[in-house]
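To start, the structure under review is shown below, and the notes come after it.
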Amino acid sequence: MFTIPKLSAPLATFLLRLPLAALFLQQGFDKLPIDAETASVYELSVLVWFFVVVGEVGSGLGLLAGGIIGIFFKKGIFAEAADLLTRFSGITMTCIMTGVIWLNEPESLIEVMLYDYIHVSLYVGGLYFALRGNARY
């Protein structure tokens with residue numbers, strides 16, 4: 001019988017990181033340079049806008065870096081730091097997505113689940129890495 005070999009968990013979850021990080025990086029880089037005009041379009045202060053942009057770029061880079069470090073280091077301080085970086089990046093992603101969903105002022109949770117699937121998908125992706133961290137097995 002033909003069996004398909006399984007990827008290790010760190011490599012398999014890295015495949016989840018790629019599109020999630022790419023979307024956050026793209027969105028963050030599209031918001032550069034940070035200015036008051038763009039922030040006012042979303043009715044945000046420049047300080048909040050700064051944290052949104054830095055959070056999107058930082059969480060995308062952090063998710064990738066945490067995964068790469070986690071692939072090469074299975075134990076020790078580098079593995080623990082990579083796990084924390086992954087978790088922090090996931091938390092940052094969920095916070096940003098919560099803000100994006102709130103800014104859309106949805107009428108109900110059902111409306112969000114049915115019609116805002118991209119933000120919900122990004123939220124759940126960030127939540128996965130916030131709760132799971134780096135896979136070790």
Side-chain angles (χ1 to χ4, degrees):
M1 175 173 194
F2 178 72
T3 59
I4 298 173
K6 292 184 180 183
L7 282 178
S8 67
L11 289 174
T13 58
F14 193 78
L15 296 176
L16 292 173
R17 292 171 195 262
L18 291 174
L20 188 60
L23 282 168
F24 270 83
L25 287 169
Q26 177 208 5
Q27 290 301 309
F29 286 133
D30 282 349
K31 291 175 177 72
L32 292 173
I34 299 168
D35 61 353
E37 284 183 37
T38 310
S40 67
V41 169
Y42 296 97
E43 299 178 359
L44 298 173
S45 70
V46 177
L47 181 64
V48 172
W49 191 245
F50 171 80
F51 281 112
V52 168
V53 174
V54 170
E56 286 178 344
V57 172
S59 63
L61 292 173
L63 198 63
L64 292 174
I68 291 168
I69 295 167
I71 288 170
F72 290 110
F73 296 94
K74 306 288 189 237
K75 295 180 183 177
I77 193 161
F78 288 115
E80 293 300 321
D83 186 64
L84 287 174
L85 182 58
T86 294
R87 289 175 184 267
F88 184 74
S89 297
I91 290 167
T92 302
M93 289 175 170
T94 57
C95 290
I96 290 170
M97 284 300 103
T98 299
V100 168
I101 292 168
W102 279 348
L103 283 176
N104 287 334
E105 298 179 8
E107 292 181 18
S108 67
L109 180 61
I110 296 297
E111 179 184 341
V112 173
M113 299 299 283
L114 291 177
Y115 304 114
D116 201 7
Y117 61 89
I118 187 71
H119 293 133
V120 171
S121 298
L122 293 172
Y123 179 91
V124 172
L127 185 61
Y128 171 81
F129 286 107
L131 296 174
R132 182 69 172 101
N134 284 354
R136 292 197 172 98
Y137 49 87

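Quick note: numbers below take in every heavy atom, side chains included, and nothing from hydrogens, waters or symmetry partners.
Taking each heavy atom of Leu103 and Tyr42 in turn, the nearest pair found is CD2-O, 4.0 Å. Scanning both residues, Gly60 and Ala21, for their nearest heavy atoms gives O-CB, 3.5 Å. Nearest heavy-atom pair, Tyr123 versus Thr94, reported as atom, atom and distance to 0.1 Å: O-CG2, 3.4 Å. Closest non-hydrogen pair, Gly66 versus Ala82, comes out as O-CB, 3.5 Å. Of all the heavy atoms in Ala39 and Ser45, the pair that sits closest is CB-O, 3.9 Å. When all heavy atoms of Lys74 and Gly70 are compared, the closest pair comes out as NZ-O, 3.9 Å.
Summarising the geometry, atom CD1 belonging to Ile96 is positioned 5.5 Å from atom CZ belonging to Phe24; distances are rounded to the nearest 0.5 Å. To the nearest 0.5 Å, atom CG of residue Leu122 and atom CG of residue Leu127 are 12.5 Å apart. Atom-to-atom distance recorded for Asp83:CG and Ile69:CD1 is 11.5 Å, nearest 0.5 angstrom. Atom CD of Gln26 is separated from atom NZ of Lys31 by 9.0 Å, given to the nearest 0.5 angstrom. Rounding to the nearest 0.5 Å gives a distance of 11.0 Å between CD1 of Ile101 and CD of Glu111. Between atom CG of residue Asp30 and atom CD of residue Gln27 there is a gap of 6.0 Å, rounded to the nearest 0.5 Å.
Inter-residue side-chain proximity for Met97 and Val100 is flagged as met; some heavy-atom pair is nearer than 4.5 Å.
Note on Ile91 and Met93: separate hydrophobic clusters, where clusters join Ile, Leu, Val, Met, Phe, Trp and Tyr whose side-chain heavy atoms are under 4.5 Å apart, directly or indirectly. Leu7 and Leu18 end up in the same hydrophobic cluster when Ile, Leu, Val, Met, Phe, Trp and Tyr side chains are linked at under 4.5 Å. One hydrophobic cluster, built from ILVMFWY side chains closer than 4.5 Å, holds both Val54 and Leu64. When hydrophobic clusters are built by joining Ile, Leu, Val, Met, Phe, Trp and Tyr residues whose side-chain heavy atoms come closer than 4.5 Å, directly or via intermediates, Leu47 is grouped together with Ile34. Val41 and Val48 fall within the same hydrophobic cluster, where Ile, Leu, Val, Met, Phe, Trp and Tyr residues are linked whenever their side-chain heavy atoms come under 4.5 Å apart, directly or through other members.
Judged purely by atom type and a 3.5 angstrom limit, Asn134 has no side-chain atom pairing as donor or acceptor with the backbone of Thr86. Although no hydrogens or angles enter the test, the distance criterion places a donor-acceptor pair under 3.5 Å between the side chain of Arg87 and the main chain of Leu131.
With a 6.0 Å radius and a threshold of 12 heavy atoms from other residues, nucleotides or ligands, Leu15 has its CG atom above the threshold. More than 12 heavy atoms of other residues, nucleotides or ligands shown are found within 6.0 angstrom of CG on Leu32. Few gaps surround OH on Tyr128; more than 12 heavy atoms of other groups in view lie less than 6.0 Å from it.
Note: Phe78 and Phe73 have tilted aromatic rings, judged against thresholds of 30 and 60 degrees for the angle between ring planes.
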